**Q** 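Sending over a structure as structure tokens; questions will come in a sec.
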Amino acid sequence: MSPEQVASVARQSIEATCQNWHVLSVFLADGGENFAKIMTDLSSGAIQKLTVQGPRDSEVEAAFGVAEIANLALPLRELLAFKANGTVAFLEMAQSSGLQSLAMEQRDPWLTSSVGTGQSLIEASKHGVSSMVMGLGGSATQDLALGALMALGLECYDADGKVVSDASPAHWSRIACLDKSKLLALPPLWLACDVKNPLLGPQGTVYQYALQKGLAKEDLAELEKQTARMARLLLDCFKKEESWMEREGMGAAGGMAFGLGVAYDAHIASGAQLIEHALDLKRRIQDVDLVITGEGRFDRTSLYGKGPVSVLELASELGKPALLIAGRVEHEAKEQLRQRYPALEVLELSPATMPLEQALREAPSLLAKALEQWLKQS
């Protein structure tokens with residue numbers, strides 16, 4: 001369900017059950033889907049559409065926004081250390097290299113690349129913007145931004161000096177060295193990450209996120225090994241220290257934060273925090289009596305800086321009761337969340353026995369029914 005659809009269903013259910021309530025809908029994005037549109041709309045900017053290479057070669061429709069920096073909320077400008085003049089481009093990896101463009105049978109992180117994200121960065125830079133903010137989340141890739149960097153001019157060679165033109169991890173074993181001499185320059189780049197994971201290890205990008213992108217469980221160790229090798233090639237190419245791999249957020253979007261960070265000295269920020277400042281969310285929550293937030297699936301990865309948890313933290317800080325709604329809720333994540341926020345209510349919309357396809361199809365009615373029932377009981 002889109003944010004607009006969720007808000008509409010929730011509003012109707014609340015107003016039908018609690019007729020004297022007033023509902024305020026606020027659209028959030030923590031770096032993934034809808035990040036560019038939300039940030040552009042909040043800044044009274046203009047959306048620019050383009051066609052780029054998708055994660056599996058076929059073309060996809062993408063977009064980015066361009067806005068006057070003066071139109072950004074003051075808390076956001078201060079967070080990003082932007083001057084009041086100039087323009088900013090808001091981009092979103094989920095559109096160009098995201099899971100949303102692939103059917104379930106097409107998802108395979110060995111074969112996907114972020115070339116389209118690099119193409120989007122090139123097009124946005126042609127608008128003469130003084131800064132760029134890219135949302136990282138919802139990615140279909142685990143390529144450490146290698147595809148994006150190749151689109152931007154990075155060249156890969158095998159041991160015989162022949163060009164390797166495919167950036168997907170299935171071809172990484174052929175790559176012996178990288179050449180940055182033709183890499184295009186970009187305006188200062190901010191990366192809005194939806195998670196805080198490091199690049200490698202049990203909490204890293206492969207072990208935490210590759211399975212949901214279609215990786216077979218038996219391939220986890222091999223992809224982790226290849227990721228570590230490619231990361232070191234990138235560090236050598238851009239003369240960076242190994243400590244980059246341990247930095248918070250480097251595992252975001254299949255290592256996109258790592259690759260772009262190393263290549264362009266990109267600034268890393270919490271996508272949820274950017275939206276929070278753009279919306280002045282603390283003030284909005286201060287003015288309400290109940291906070292409702294959620295996402296499609298709430299699991300352990302949601303605890304690493306995702307938007308809903310940021311909302312719950314603010315609600316708790318301000319002493320506001322909160323309700324988390326998700327299509328599916330992982331038990332372990334739920335228990336960890338309740339340890340942080342004992343008074344939190346959690347609603348799971350679809351039974352564990354319901355097939356995912358059915359749950360997706362019936363999501364609006366499941367949401368309406370669950371919310372109305374909870375309101376009546378509360």
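Predicted model, so just to flag it, every value in this text is computed and none were measured. Position 1 is the first residue of the sequence, and the numbers go up from there.
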**Q** Taking all non-hydrogen atoms of both residues into account, name the closest pair between Met93 and Thr141 and its distance.
**A**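 Between these two residues, the closest heavy atoms are CE-OG1, 3.2 Å.
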**Q** Please list, chain by chain and in numerical order, all residues satisfying side chain to side chain contact (heavy atoms under 4.5 Å, CB included) with Glu68, sequence neighbours excluded.
**A**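 Counting only residues at least two positions away or on another chain, Glu68 forms a side chain to side chain contact (heavy atoms under 4.5 Å, CB included) with Asn71, Thr87.
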**Q** Any side-chain heavy atom of Gln95 within less than 4.5 Å of one from Ser120?
**A**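 No. Closest side-chain heavy atoms not under 4.5 Å.
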**Q** Going by an N to O cut-off under 4.0 Å, is there a salt bridge joining Lys182 and Glu155?
**A**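 So Lys182 pairs with Glu155 through a salt bridge.
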**Q** Are Ile175 and Leu146 packed together at the side-chain level, in the sense that at least one heavy-atom pair is separated by less than 4.5 angstrom?
**A**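 In short, these two side chains touch, coming nearer than 4.5 Å.
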**Q** Please report, to 0.1 Å, the donor-acceptor pairs under 3.5 Å made by any side chain of residues 256-267, with sequence neighbours excluded.
**A**
residue: Tyr264; atom: OH; partner: Leu184; partner atom: O; Å: 2.6
residue: Asp265; atom: OD1; partner: Lys240; partner atom: NZ; Å: 3.4

**Q** So which pairs with a foot in residues 143-177 pass ring pair (Phe, Tyr, Trp, His ring centres under 6.0 Å), sequence neighbours left out?
**A**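 Matches after skipping sequence neighbours: none remain.
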**Q** For Ser25, enumerate each residue passing the side chain to side chain contact (heavy atoms under 4.5 Å, CB included) test, keeping only those at least two apart in sequence or located in another chain.
**A**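 Scan of Ser25 (side chain to side chain contact (heavy atoms under 4.5 Å, CB included), adjacent residues dropped) gives Ala7, Arg11, Val23.
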**Q** Please determine, by modelled atom types, if Gln12 and Ser8 share a side-chain donor-acceptor pair under 3.5 angstrom.
**A**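 Yes, a side-chain donor-acceptor pair sits under 3.5 Å.
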**Q** Is Arg297 paired with Asp299 through a side-chain N to carboxylate O contact shorter than 4.0 Å?
**A**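 Yes, Asp299 and Arg297 are salt-bridged.
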**Q** So, Glu61 and Lys49, do they make that salt bridge, N to O below 4.0 Å?
**A**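 No.
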**Q** Would you mind checking if Asp41 and Lys37 are paired as a salt bridge, meaning a charged N to carboxylate O distance below 4.0 Å?
**A**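 A salt bridge links Lys37 with Asp41.
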**Q** Could you verify whether a donor N or O on one side chain and an acceptor N or O on the other, from Ser139 and Lys213, lie under 3.5 Å apart?
**A**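 Checked: Ser139/Lys213 side chains pair up, N/O donor to acceptor below 3.5 Å.
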**Q** List, one per line, each side-chain donor-acceptor pair under 3.5 Å for residues 356-371, sequence neighbours excluded.
**A**
residue: Gln358; atom: NE2; partner: Glu362; partner atom: OE2; Å: 3.2
residue: Ser365; atom: OG; partner: Glu362; partner atom: O; Å: 2.9

**Q** Do Gln142 and Thr205 meet the criterion of a side-chain donor-acceptor pair at a distance under 3.5 Å?
**A**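 Judged by distance alone, the side chains do pair up.
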**Q** Can you see whether Ser96 engages Thr117 through a side-chain donor-acceptor pair at a distance of less than 3.5 angstrom?
**A**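 Looking only at side-chain atoms, Thr117 and Ser96 do form a donor-acceptor pair, the distance falling under 3.5 Å.
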**Q** Under the salt bridge (Lys or Arg N to Asp or Glu O under 4.0 Å) test, which residues partner Glu332, sequence neighbours left out?
**A**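 Applying salt bridge (Lys or Arg N to Asp or Glu O under 4.0 Å) to Glu332 gives none.
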**Q** Is it true that the side chains of Gln226 and Glu222 contain a donor and an acceptor less than 3.5 Å apart?
**A**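 Yes, because at least one side-chain N or O of Gln226 sits under 3.5 Å from a partner of the opposite role on Glu222.
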**Q** Has Asp166 got a side-chain atom pairing as donor or acceptor with Ser168's backbone, closer than 3.5 angstrom?
**A**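 Flag set: sc Asp166 to bb Ser168 pair under 3.5 Å.
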**Q** Atom CD of residue position Glu335 - does it have more than 12 heavy atoms of other residues, nucleotides or ligands inside 6.0 Å?
**A**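 Counting other residues, nucleotides and ligands, CD of Glu335 exceeds 12 neighbours.
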